[in-house]
Amino acid sequence: MNRKSKHRHRLSHENHLTWLVVGAVVPVMIVALSVLWFGDYSAKVQWTLTIIIIATFIGFVGTAREHVTRPLQTMTNLLAALREGDYSIRARGARENDALGEALLEVNLLGETLRIQRLGAFEATALLRTIMAEIDVAVFTFDPQRRLRLVNRAGEHLLGRPIDKLLGRSAEQLGLAVCLDSNEDAPLTLNFPGGSGRWGVRRSTFREHGLPHELLVLTDLSRTLREEERRAWQRLVRVLGHEMNNSLAPIKSIAASLEALLRREPPPADWQDDARSGLKSIATRADALSRFMEAYARLARLPPPQKEDIDLAELIRRVVSLEPRLRVNLLPGPAAKINVDAAQIEQALINLVHNAVDASLETGGGVSIGWRANGDCVEVFIDDQGHGILNPGNLFVPFFTTKPEGSGIGLALSRQIAEAHGGSLTVSNREDSQGAEAVLRLPS
């Protein structure tokens, strides 16, 4: 007999219990009936007692079966309700100091625990949905096939469609595939039906039903960038006001002194020398203010680049030849043609080389310049052996300078030129030696 046949003919729990009760009572019944039928009793007594004994036997067996199976059926119904998510049903007869009552009590407590946990889960889910609906960042989740499974209100607004028109669509159809494949460290310039600008991208993964899902969060950086721009203008106005006051205050004071000198009767013997000295000081301060404003105009009115193909090596050799104070070491590099505005890139490199030479002259060190290919970019690097960067926070702040005769626009103008060409400029302390390194990255 195979295993299925054994399982098919196996007694159920209630039948097994019934046969146990029958096995326990039948011997007593046989003895009682034997005494009754073989004793000296009338037929009426014999039949009456026989019917009573058999009826009592059947009644007690049925009652015992019902008393065992009914609580088990009750617990079965309770557990089925719990499995279906109905935690409101409770079993009667749950009490302590009773084996069956304690079992029912534990089932009731399990139902209450699950009810509280589900209520907490519903509340947490409601809170999460409320937070997702109210936050101003777009949140998307995608399944392993990159189909949209969840989106918040900001995401609906960004994509310009309601949620029922978005769910189930692929990231490619929604224009979000580039976000899922992008580098998180680099902001993306993207255009959506609900907004355009620069976006910060954050991605992570989670598992649902054992399958990996992707979480995508898009943050609009335009507002943050505008706030940074506002703070930059505030710093710029403070610098302009400081520089203009530094020039206008002494001009005003000297002019008042000259006016008082000319009113004196009779004038002092050396009044002409004092007048010439005062006018010379006024001219000097006015000239300094004029140079400062010219530097500001150069930074504020940088024209769009007029690009053309140029030989990078030839451009760098020309820049090196323009520095008379120190011999700049020109390092060899690969042949490279770049499409740039030659005049602007030359000016940016002149500023960087000039700063490097200034730093190295303070320590008696040298300056090296070279270039290298890096993916789809060309990097021009200038290494100095100066003291290094002491105040990196103000490195690119316009008009901030630590040099007595500096204008504070060289690095800011150079970075503006680099960004106008789609590149970047970074300046950092060298790790392998004393000094700093400037790296100008340009598309190749």
Side-chain angles (χ1 to χ4, degrees), residues 1-29 53-133 139-152 163-164 167-168 204-215:
M1 185 180 294
N2 58 27
R3 224 164 160 185
K4 289 186 177 180
S5 299
K6 289 182 180 180
H7 181 73
R8 192 181 299 117
H9 293 92
R10 184 179 299 167
L11 291 175
S12 64
H13 176 72
E14 55 269 30
N15 289 336
H16 188 74
L17 181 65
T18 301
W19 283 112
L20 287 176
V21 174
V22 170
V25 176
V26 164
V28 178
M29 287 180 56
I53 291 172
I54 294 175
T56 303
F57 166 73
I58 294 174
F60 273 102
V61 170
T63 301
R65 179 187 176 96
E66 182 73 12
H67 191 71
V68 171
T69 56
R70 182 58 61 86
L72 293 177
Q73 291 173 347
T74 300
M75 282 193 288
T76 300
N77 294 333
L78 281 172
L79 294 174
L82 296 179
R83 178 172 54 82
E84 295 295 331
D86 184 0
Y87 306 126
S88 61
I89 300 177
R90 296 290 182 269
R92 291 182 299 177
R95 57 185 179 272
E96 296 181 353
N97 301 321
D98 181 89
L100 179 60
E102 289 179 350
L104 295 175
L105 181 62
E106 290 298 325
V107 173
N108 289 346
L109 292 176
L110 175 62
E112 179 65 16
T113 301
L114 293 176
R115 185 190 68 80
I116 294 174
Q117 289 180 352
R118 186 178 68 167
L119 180 61
F122 282 162
E123 292 175 347
T125 302
L127 176 61
L128 178 60
R129 292 186 181 215
T130 302
I131 293 174
M132 286 187 60
V139 180
F140 308 90
T141 63
F142 295 90
D143 63 15
Q145 287 73 40
R146 287 195 168 181
R147 293 191 299 266
L148 185 66
R149 290 304 177 203
L150 179 66
V151 58
N152 68 339
I163 187 171
D164 57 332
L167 295 181
S204 62
T205 59
F206 65 96
R207 303 189 76 84
E208 183 178 358
H209 302 303
L211 298 176
H213 287 62
E214 291 182 275
L215 175 68

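All of these numbers come straight from a predicted model, not from anything done at the bench.
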Is it true that a side-chain atom of T141 and a backbone atom of L150 form a donor plus acceptor pair closer than 3.5 Å? yes
Looking at side-chain heavy atoms only, is the closest gap between E214 and R146 below 4.5 Å? yes
With the side chain counted from C-beta on, respond yes when I54 and M29 share a heavy-atom pair under 4.5 Å apart, and no when they do not. yes
Can you tell me how far CZ of R149 sits from CZ of F142, rounded to the nearest 0.5 angstrom? 11.0 Å
Which residues share a side chain to side chain donor-acceptor pair (under 3.5 Å) with E102, sequence neighbours left out: none
Partners meeting side chain to side chain donor-acceptor pair (under 3.5 Å) with N108 (sequence neighbours left out): none
Taking every heavy atom of R147 against every heavy atom of G168, the minimum-distance pair comes out as CD-O, 3.5 Å
Sub-3.5 Å donor-acceptor pair from the side chain of N152 to the main-chain atoms of V139, do we have one? yes
For I116, which residues count as a side chain to side chain contact (heavy atoms under 4.5 Å, CB included) partner, sequence neighbours excluded? E112
Test item: P212 and T205 side chains (from C-beta on) under 4.5 Å apart, heavy atoms: no
If you round to the nearest 0.5 Å, how far is CG of L109 from CG of L114? 11.0 Å
Is there a side-chain contact between L215 and F206 in this structure, where contact means two heavy atoms from C-beta onward sitting under 4.5 Å apart? yes
Could you give the distance from CG (L110) to CG (L79), rounded to the nearest 0.5 Å? 7.5 Å
